[in-house]
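To keep things clear, I will list the structure first and then write my remarks on it.
Only this structure's heavy atoms are used, side chains among them; waters, hydrogens and symmetry mates stay out. A, B, ... follow the sequence lines: proteins, then strands. Residue 1 opens every chain.
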Amino acid sequence: MTVTQLTPRAEGAPVFDLEKVLASIDTMAAQRPVAAQIVSVANSEDTSATVLSRILASDVALASRVMKLANSAYFGMRGRVTSLQFAVTVVGFTTVRTMATVALTELDDEARLPEDFWDVTTSLALAASTLAPRFGERPQDALCIGLLAQMGAALLHHNDPDGYGELVAGHADFSGRRTAELRRYGINSLRLTAVALEQWGFPHGMTGRLNVVDDYTSPEGGLLRAAFEVAARLTTEGYDAVPIVRLTYGQLREDDLVPVLDKVRADADELRRAMLGD
Amino acid sequence: MSVTVSAADDDRVPPEIVSSVFYSASVSDNLALVVAEMVAGRPRLSWGNAGAVDLLGYGLDDLRALPVDQLFPSLGGGGLRLLLRRERTARMTLPVRMASGATVEALVTTTPAPSGRMWTIRIVSATNEQERALRATADAHERRFSTLTERSPVPTLLSEQGMRLAHVNDAFCSLVGRRAEQLLGTGWIDTVHEDDLDTVIERVSAALDGGEVETQARLLRQDGTVRTTVIRFAHLFTPGVGAGFVGTIEDITDRLAFEARLAHQANHDPLTGLPNRTLLAQYVAERFGPGRGALACLFLDLDNFKVVNDSLGHTAGDELLVEVATRLCTAVRPGDLVARFGGDEFVVVCEDVDQPAAVALAERISVELARPVRLGGVDVRPYASVGVTVQTEEHTSADELIRDCDIAMYQAKAGGKGRITVLDQQARENARDKLRLVAELRDAIERREITLLYQPIFDAADGRPVAVEALARWTHAERGPISPAVFVPLAEESGLVPALGLLVLDETCRQLAEWDRMVGPAAPPRANVNVSAPQLDANLPPQVAEALERHGLAASRISVEITESALMKDPDSARRVLHQLRDLGVELAIDDFGTGYSSLAYLRHLPVDCLKVDRSFVAELAHGYAEIASAVIALARSLDLSTVAEGVETPEQAAELVRLGATYLQGFSLSEPMTGRQTATWFSSHGESTR
């Protein structure tokens with residue numbers, strides 16, 4: 001199926017098949033059965049750390065990333081986590097599921113990702129997690145959604161490397177980039193992420209936030225808007241900062257951002273290493 | 001599966017078909033179901049069940065022509081493609097537009113038919129009544145919980161994952177003096193004292209693993225102060241999320257400080273602030289190992305401290321003690337213990353020193369102490385007698401070590417003040433032997449193994465026996481008879497006199513009563529009981545009265561003998577006690593008269609009946625010296641007192657004493673001391689009733 005009659009797009013852009021993009025995820029899932037299994041069981045009510053760690057144990061690479069993350073500064077356990085089961089307990093089931101999703105969608109293969117993907121992603125995730133209490137949200141969920149938010153962008157890049165590369169080069173700011181995505185592909189990358197995640201049963205409470213980021217009338221979108229702003233300030237050279245008050249309905253002031261920027265800068269590398277298993 | 005759901009002419013698709021399309025859903029009117037089809041390249045609804053009609057508010061006919069994009073206004077073309085996929089089921093939470101134009105958030109699940117051109121769409125409103133009620137309940141629950149924890153005066157932490165905090169209440173924020181934002185996530189870790197962090201993480205691990213644990217940990221406040229707390233961790237499990245914990249914190253800083261203060265008070269001397277005897281014993285016991293020979297003890301006693309106290313007052317005495325304590329602390333080596341043993345006694349304990357080093361330290365201390373102290377305008381040089389003991393293989397316990405240096409100090413004192421004495425083997429053995437004997441004497445008194453002998457006293461005029469003197473005797477199971485000259489001073493030194501005195505008094509009275517029963521009028525008319533100086537206090541008169549009453553005796557049956565020296569220790573108090581005894585009706589005699597230094601004027605005011613002429617003066621008679629005996633007897637007579645001459649050993653002495661005018665005689669030549677039974681028999685044959 002080709003999507004041709006959607007919103008107007010740039011002249012000469014390649015034909016883009018969303019259906020194919022989504023189908024490609026299924027193909028990836030088949031190649032990482034353990035990750036796929038974790039994605040499907042991690043959020044069920046009766047899942048236990050025992051069950052999850054047993055499944056996780058058969059994907060050594062993924063298991064070692066979970067261990068690494070559990071022992072990272074982010075969870076404060078200072079190397080005390082020595083068993084996989086305890087690691088699952090410490091990082092939480094949603095995070096395990098998030099890491100499995102990362103593996104499943106090959107977000108751990110940097111060769112196939114847009115430039116700076118993980119720099120942006122770790123900043124985004126840590127900023128969302130750090131700011132979450134200010135928005136009455138759970139830091140854990142915010143971390144996960146931050147880690148996965150750019151999955152849509154990765155899929156777009158994967159299916160249209162040149163076109164997407166051009167698009168990124170033309171739009172340094174995330175908001176403008178998403179408008180361009182919508183114009184080019186009929187859907188923006190965050191929406192694509194939300195569709196995929198909801199497909200896999202991630203709770204709407206988490207994925208719903210992705211749909212309202214660009215709706216400036218929505219307070220629910222405030223957290224991710226602020227997190228994108230932090231990520232942009234930290235990763236985009238010559239970035240022209242947007243006042244944070246405007247992005248968050250006055251929920252945050254510039255002063256509030258100072259410690260957040262420091263924290264994110266300090267922890268980003270370690271989180272990146274845990275996520276990519278470097 | 002081969003199901004074709006076409007736009008049937010009849011109003012409804014047969015339910016069995018619909019249910020086969022929905023793999024597991026049981027179709028009910030409460031469930032909103034619609035079917036969509038591609039018509040001219042555009043998806044439209046072709047059917048809806050009663051639940052859909054109810055939910056969406058369209059009439060069935062309107063519903064059947066409705067383009068799908070109108071139902072889901074938030075979806076653009078791309079989004080619609082994602083919802084209606086040909087290969088697989090899709091699920092989205094979307095706003096759904098009602099006939100009224102309003103939108104409702106709903107979970108939309110689409111399932112394609114195998115043809116790929118038709119989808120069944122299940123719409124579950126996310127805002128139906130039941131869900132709203134559930135959410136309201138959950139919200140109320142959440143609010144109750146947060147009100148409970150936020151307002152609770154108990155500092156509380158709620159973990160999200162690992163050491164990460166999701167909630168922290170106001171009480172915890174004020175405990176550590178920080179804002180909640182600084183503490184959430186891993187921020188609170190900074191408040192845990194570095195040395196306690198490992199234990200805290202360990203306990204958190206145990207709590208995450210399902211345990212209920214607690215630990216003591218110090219928390220650092222923003223202002224730099226430290227609070228000591230007990231943190232109790234309990235496991236929390238959220239289905240589908242994982243494990244966390246609830247931590248409640250009890251600030252025990254003040255309690256610990258109070259306990260420490262109490263412990264310090266219990267173990268330290270309030271005047272000098274030095275460790276007291278209890279702590280000293282504990283300190284030495286902790287470091288003592290038999291045969292190790294590592295400890296040395298110095299026992300110091302200030303010479304003439306009593307003089308300072310008596311002449312300059314207790315405040316000056318206290319000042320002196322504080323100054324001595326300060327000087328001791330500066331003179332010893334770092335790590336040595338200085339303790340106040342009691343009164344003007346101090347103990348220094350050193351580790352890893354030999355005897356020469358211990359003596360050198362004692363000398364240094366003596367020099368340091370002897371510098372003048374100005375007290376009340378007077379320069380005082382505090383000299384001390386120092387006993388030194390270095391641990392040897394003979395020491396089997398910590399107590400022995402301290403006891404030995406105490407003995408050494410007494411030796412130093414006995415050898416002249418301001419000396420340093422090292423305890424030698426012989427002195428140690430003597431002292432230990434004496435200690436054993438004291439212990440055995442205490443046992444002997446408790447078991448009433450001290451027996452009494454009775455020596456008759458005769459009327460000098462006609463030779464009739466008129467009384468007996470009760471004499472205490474101790475026959476040791478191993479050592480045989482032990483002289484009163486040994487055990488009475490021992491009892492006086494070791495505080496056993498009150499018990500011994502009571503025993504003698506009671507036994508004498510008992511014996512008198514027994515004699516009365518055995519021999520009636522032939523029984524000794526009176527018994528003399530000796531009272532030592534330490535017994536001579538306000539307790540004595542009631543004790544005498546009780547003993548007499550217990551055995552049903554008249555007061556006149558008892559004569560209390562008190563030595564002259566005992567009377568002179570505290571003359572005023574002695575006089576009061578004697579008057580009280582006299583009021584009871586007992587007779588009073590002054591023992592060993594002439595050996596002390598009582599003034600005659602004083603003697604005149606004492607309510608005594610009798611003077612006992614000391615045996616030394618009686619003995620002099622044999623050598624032709626009768627002056628003192630004669631003078632004492634004459635003095636007694638002039639004061640209208642009777643006399644008893646003790647130690648009469650020959651008939652010549654007896655004759656001479658009669659000639660000098662002695663009232664009564666007592667001695668070996670007249671009759672030896674006898675047991676109670678012998679005395680009864682003796683009196684039956686020799687005496688006649690004098691009452």
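Using a 4.5 Å cut-off between heavy atoms, Ala132(A) makes no contact with chain B at all. Contacts of Leu184(B) with chain A are made by side-chain atoms alone, with heavy-atom separations under 4.5 Å and no backbone atom involved. If you measure heavy-atom distances from Glu202(B) to chain A, the contacts under 4.5 Å come from both the backbone and the side chain.
With respect to Asp141(A) and Arg209(A), no salt bridge is recorded, no charged nitrogen being found less than 4.0 Å from a carboxylate O. A salt bridge between Arg80(A) and Asp198(B) is present, with a side-chain N of the basic residue lying under 4.0 Å from a carboxylate O of the acidic one. With respect to Arg253(A) and Asp256(A), no salt bridge is recorded, no charged nitrogen being found less than 4.0 Å from a carboxylate O.
A side-chain contact (heavy atoms from CB on, under 4.5 Å) with Ile121(B) is found for exactly one of Leu83(B), Leu84(B), Thr109(B), namely Leu84(B).
Looking only at heavy-atom pairs under 4.5 Å with chain A, the residue among Arg164(B), Gln182(B), His167(B), Met92(B) that has the most is Arg164(B). Interface summary for chain A: among Ala166(B), Ser205(B), Ser159(B), the most heavy-atom pairs under 4.5 angstrom belong to Ser205(B).
By the 4.5 Å heavy-atom criterion applied to side chains, Asp195(B) and Arg218(B) are counted as neighbours.
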